[in-house]
Amino acid sequence: MEPESIYRIENLRKEYNARVVVDIERLNIRAGEILAIVGPSGAGKSTLLRLLNFLEVPTTGQIVYRDYVFDSQAPLDIRRQVTTVFQRPVLLRASVQENVAYGLRLRGERMDERVGDMLARVGLASLARVSATKLSGGEMQRVALARALVIAPTVLLLDEPTANLDPYNVGLIEEIVREQNRTRGTTVVLVTHNVFQAKRLAHRVGLMLAGCLIEVNTASAFFDSPADPRTAAFVRGEMVY
Amino acid sequence: MDEITHGFFQAIHLILSADPALFEIVWLSLRVSGIALLLSTTLGVPMGAALGLARVWARGLITAFLYTGMGLPPVVVGLFVYLMLSRSGPFGALGWLFTPSAMIVAQVIIAFPLVAGLTMAAVQGVDAALRMQVRSLGATRWQELWAVLREARIGVVAAIVAGFGGIISEVGAVMLVGGNIEGKTRVLTTAIVLNTRTGEFALAIALGVILLALAFVANIAMLRLQGRS
Ligand SMILES: Nc1ncnc2c1ncn2[C@@H]1O[C@H](COP(=O)(O)OP(=O)(O)OP(=O)(O)O)[C@@H](O)[C@H]1O
Ligand SMILES: [Mg+2]
């Protein structure tokens, strides 16, 4: 039996000023999977995540999320099931704990022990009351992750979530993502430059080149017996265009 | 020199004795400029924010008007409002000329472009990625707007302060449309002009000191607002 798809994408194209940035014929994202998207800089990975988060409207083609066919304005209850940790985290001019509580506040909920728990989980409990503008890059990234996780999203989109982190914190974040996926069934789409991270975390991996998904395969097949020679070259660390 | 020192001590005496005539002038100044600022803020902040955020039709043209408005000479505004409200003018029937209402109208015209224009600049200065981030966390349109205004709050408060500074210290327009009528439309600035001309330096200095103090207190209050997170 085919596993249930949470996203079904068909002939999805996104252009900026008539330049094609994303061009995906077909992609099904399965409910509860960790899908990693790898690819060189400028391939369109971040743009794909913005489309999946309903933050951008496709130029042509279709994104279906569960039963909802995305047209320019996604309803709030749909939008609130999906959230992104962006490549460059943006924090509000407020304390760390206010930042983490922000998604809850938007939903009319109070800051409660979930915020403290989540901060402890990303190793930032001691910084709860510090102004978020004073954090280091790696700390900001962890605050952004905690802020996304605290609202218990159905789909978590991660854009290079460990780019600024030291090896210890990379391991910590990967474990949190893995656990979130395993215990809550959160669907994760992880964009990363790091093929080893994709290998460690993902159930399936896709290679994106110049807006196109060249190959989407199970992690083991992607790394051990790729169908496309460009995948093999990318996995070996050769530049691919 | 003697006159100034003498005037200064008399000024302190007037302030400390809470002279009723003085008090009336201060109170009218605060009322007129306060109401004008309130109106300019309720109109100017949302409009500035909308201009800064949305793809508004003819934004360039509106912006040019706003920036021109920020530099309007108050006395020209006074002339314009005077003509509008004079008995033969289009709004003459309101009977507002030489009343506090006319002064409020003139001050709104002076303060509104300042508040709207500087708010727009502040809002445009907010990282575009912040809006994306806030939306991604599930913000509605209004919550997004509110988040941007909060991030821009230092600039927005500066816009309001600039509006207040522009009108509390302004003399040309209120003189023209208010007429500096004792007990009715005499405010701090017009009273200073009058008392200086008639040689009543003590009163003029007292009024000047109060005007400075008011501006100072108002700015402190707004700075505190700025700092609050
Ligand atoms: N808002 C935009 N307007 C115009 N062009 C854009 C916009 N966003 C992205 N692009 C262009 O689309 C292309 C893909 O960008 P995208 O950020 O999706 O790449 P990426 O795969 O995430 O790259 P990286 O790995 O460097 O983050 C780039 O050439 C970029 O310049
Ligand atoms: Mg990117």
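In what follows, chains are A, B, ... by sequence order, proteins preceding strands, each numbered from 1. Computation of the quantities below employed the complete heavy-atom set of this structure, encompassing side-chain atoms and omitting hydrogens, waters and symmetry-equivalent molecules. All values derive from a computational prediction rather than experimental measurement.
- The side chain to side chain donor-acceptor pair (under 3.5 Å) search around His193(A) returns Glu160(A), not counting sequence neighbours.
- Rounded to the nearest 0.5 Å, atoms CD (Gln73(A)) and CZ (Arg141(B)) are 5.5 Å apart.
- A distance of 13.5 Å separates CG of Leu137(B) from CZ of Arg105(A), quoted to the nearest 0.5 Å.
- With respect to chain A, the highest number of heavy-atom pairs below 4.5 Å among Ser136(B), Ala147(B), Ala139(B), Gly138(B) belongs to Ser136(B).
- The line from OG1 of Thr83(A) to CD of Gln133(B) is 6.5 Å long, rounded to the nearest 0.5 Å.
- For the salt bridge (Lys or Arg N to Asp or Glu O under 4.0 Å) test, no residue two or more places apart in sequence or in another chain qualifies with Arg184(A).
- In plain terms, the two heavy atoms of Leu106(A) and Val134(B) that are nearest each other are CD1-O, 4.0 Å.
- Using a 4.5 Å heavy-atom cutoff, the side chains of Asp127(B) and Arg88(A) are in contact.
- Of the atoms belonging to Phe54(A), not a single heavy atom falls under 4.5 Å from chain B.
- If you measure heavy-atom distances from Leu55(A) to chain B, the contacts under 4.5 Å come from both the backbone and the side chain.
- Both the backbone and the side chain of Arg147(A) have a heavy atom closer than 4.5 Å to some heavy atom of chain B.
- Counting heavy-atom pairs closer than 4.5 Å to chain B, the top residue among Leu91(A), Ile151(A), Leu157(A), Thr84(A) is Thr84(A).
- Crowding of Tyr68(A) atom OH: a count of heavy atoms from other residues, nucleotides or ligands under 6.0 Å exceeding 12.
- Counted within 6.0 Å of OH on Tyr16(A), heavy atoms from surrounding residues, nucleotides or ligands total more than 12; the atom is thus considered enclosed.
- For a residue to count as touching a neighbouring chain, one of its non-hydrogen atoms must lie under 4.5 Å from one of that chain's; by this rule Leu92(A) touches chain B with backbone and side chain alike.
- Minimum interatomic distance between Thr140(B) and Arg79(A) (heavy atoms only, all atoms of both residues): CA-NH2, 4.0 Å.
- Neither the backbone nor the side chain of Val85(A) comes within contact range of chain B, judged by heavy atoms closer than 4.5 Å.
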